[in-house]
Amino acid sequence: PSASTAASRAAEENSSTALPSKQSQSHQPLTAKSSTQTTAGSHATTTPWGYLSQLDNQLPGFSVTVAKDVVIGGLHLQNVAFVVLPDTQEPFVEMSEGSRGLLGIPILLAMQALRWERTGSFELGIAARLKKPITQNLLFHGTGPIVQVGLRDQLLSFSLDTGSIDTDLNPVFAKEAPDLMSSEQKESRTLTGYGGSDSYDSVLLPSVVFRVGGLDVTLKPAHVLTSHGLGQWAGNLGNDLLNQANAVTLDFRAMAMKLE
C-alpha cells in the first residue's frame, strides 16, 4: 500500500499496473516481497499528459511498458502492461526502494482469488477460494471494484481500494445518513494521488461502525467529503478498515469479499 492517502487508487481503477521509472529503464528483473518477478519489455511509449483516475490532476508525462513475464507464486503471466512513473512522483516518493510497484486489477483478476492474513501470509488461486455458503457482495463498475457495506439497517456501495491507507466517505454518505452528520466538525481534507495533492472541504465524525464482508469494523475518526467525492459511491474503502480483520479474502470467481 502507498504511504499516502488515496495514492494508489489509479492502480485499481485502470487496466494497468504501475512501476517507478528507475526499474523500467534498467530493464532488470524486479523481486518484491510477494515473490513477484517482472522483466520489463524493451518497448515503451510516452504520452505528454494523461489521467489515471478521477482523483488525479493532469500529469506532465508518463510512459507505458510491457513486462514479458510476471511470476507470482504459481501464477505466470505474459505481456503485462505497466504505467511507468518517476521515482519522485506520488506514491513512490514515500515508498522504500524494492516496494515501489502497484499491481492493478488485471493481475488480481488473473489470480481469481487472493487471501492475506495479519500474520503476513498470502495465498492466491484455488487455495484462496471461499467455501460455500457465499454471500456475493462485489461488483465491477467499469474496471473499478465496488463492495456492499452495511451501515445499521442500510446497505451502501463503496469503491474498494486495497492500495489506500485511509477510508474516506463521500457526499452520498451524508445524504444516506443525515442523522450522523449532526455531530459534524468542519475541516479540510487533503487527498494525494499520482498527480499530487489537493484539499477539499469535509466534516469530521467521531466514529462510524460498518459491517464489511461479515465483520463489524470501526472508522475512527470518519472524514466525510462535502465538496468533492471519490466517485459516485458512499465511500472509498481502504486498509484502515480491512486491516481490522485477521484475514481478508477477495474471490473474483464468486464475486465476494470476506473479512474474518
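Predicted model only: the values in this text are computed from it and were never measured.
For the pair Thr167 (side chain) and Gly238 (backbone), a donor-acceptor distance under 3.5 Å is present. Using modelled atom types, one side-chain atom of Gln154 and one backbone atom of Glu176 make a donor-acceptor pair closer than 3.5 Å.
Summarising the geometry of Lys220 relative to Pro206, their closest heavy-atom pair is CG-O, 3.3 Å, with the distance given to 0.1 Å. Closest non-hydrogen pair, Gln232 versus His141, comes out as NE2-NE2, 3.1 Å. Smallest separation of non-hydrogen atoms from Ala256 and Asn137: CA-OD1, 3.3 Å. Between Ala67 and Phe82, the shortest heavy-atom distance links the atoms CB-CE1, 3.5 Å. Closest heavy-atom contact between Ser159 and Ile146: CA-CD1, 3.9 Å.
Other residues, nucleotides and ligands contribute only 12 or fewer heavy atoms inside 6.0 Å of the CZ atom of Arg253.
Hydrophobic clustering (ILVMFWY, side-chain heavy atoms < 4.5 Å, transitive): Ile72 and Leu109 are in one cluster. Hydrophobic clustering of Ile, Leu, Val, Met, Phe, Trp and Tyr side chains at less than 4.5 Å, counting indirect connections, keeps Leu204 apart from Val172. Linking Ile, Leu, Val, Met, Phe, Trp and Tyr residues whenever their side-chain heavy atoms come within less than 4.5 Å leaves Leu130 and Leu138 in two separate clusters. The hydrophobic clustering, which links ILVMFWY residues whose side-chain heavy atoms are closer than 4.5 Å, places Leu219 and Met181 together. Taken together through direct or relayed side-chain contacts under 4.5 Å among Ile, Leu, Val, Met, Phe, Trp and Tyr, Met257 and Leu155 form parts of separate hydrophobic clusters.
The pair Glu260-Arg115 meets the salt-bridge criterion, with a side-chain N (NZ, NE, NH1 or NH2) lying under 4.0 Å from an Asp/Glu carboxylate O.
By the 30° and 60° cut-offs, the orientation of the rings of Phe252 relative to Phe140 is tilted.
With rounding to the nearest 0.5 angstrom, the CG atom of Asn170 is 11.5 Å from the OG atom of Ser157. Once rounded to the nearest 0.5 Å, the distance linking CG of Leu114 with OG1 of Thr162 reads 8.0 Å. Taken from CG in Asp166 to CG in Asn236, the straight-line distance is 10.0 Å, to the nearest 0.5 Å. Separation of atoms CD (Gln136) and CD (Gln148) is listed at 10.5 Å; rounding is to 0.5 Å. Taken from CE in Met255 to CD1 in Ile134, the straight-line distance is 12.0 Å, to the nearest 0.5 Å. With rounding to the nearest 0.5 angstrom, the OG atom of Ser164 is 9.0 Å from the CG atom of Leu237.
You'll find the side chain of Leu225 stays beyond 4.5 Å of the side chain of His223, heavy atoms only. When side chains are defined from C-beta on, Leu242 counts as touching Trp116, because their heavy atoms get closer than 4.5 Å. Within the 4.5 Å cutoff, no side-chain heavy atoms of Pro106 are placed close to those of Val80. Proximity of Phe173 to Val208: side-chain heavy atoms (C-beta onward) are separated by under 4.5 Å at one or more points. Considering only heavy atoms from C-beta on, Leu250 comes within 4.5 Å of Leu160 through its side chain. You'll find the side chain of Thr226 stays beyond 4.5 Å of the side chain of Pro171, heavy atoms only. For the pair Leu169/Phe158, a side-chain contact is recorded, criterion being any heavy-atom separation below 4.5 Å from C-beta on.
Residues meeting the side-chain hydrogen bond (donor to acceptor under 3.5 Å, both in side chains) test with Asn243, sequence neighbours left out: none.
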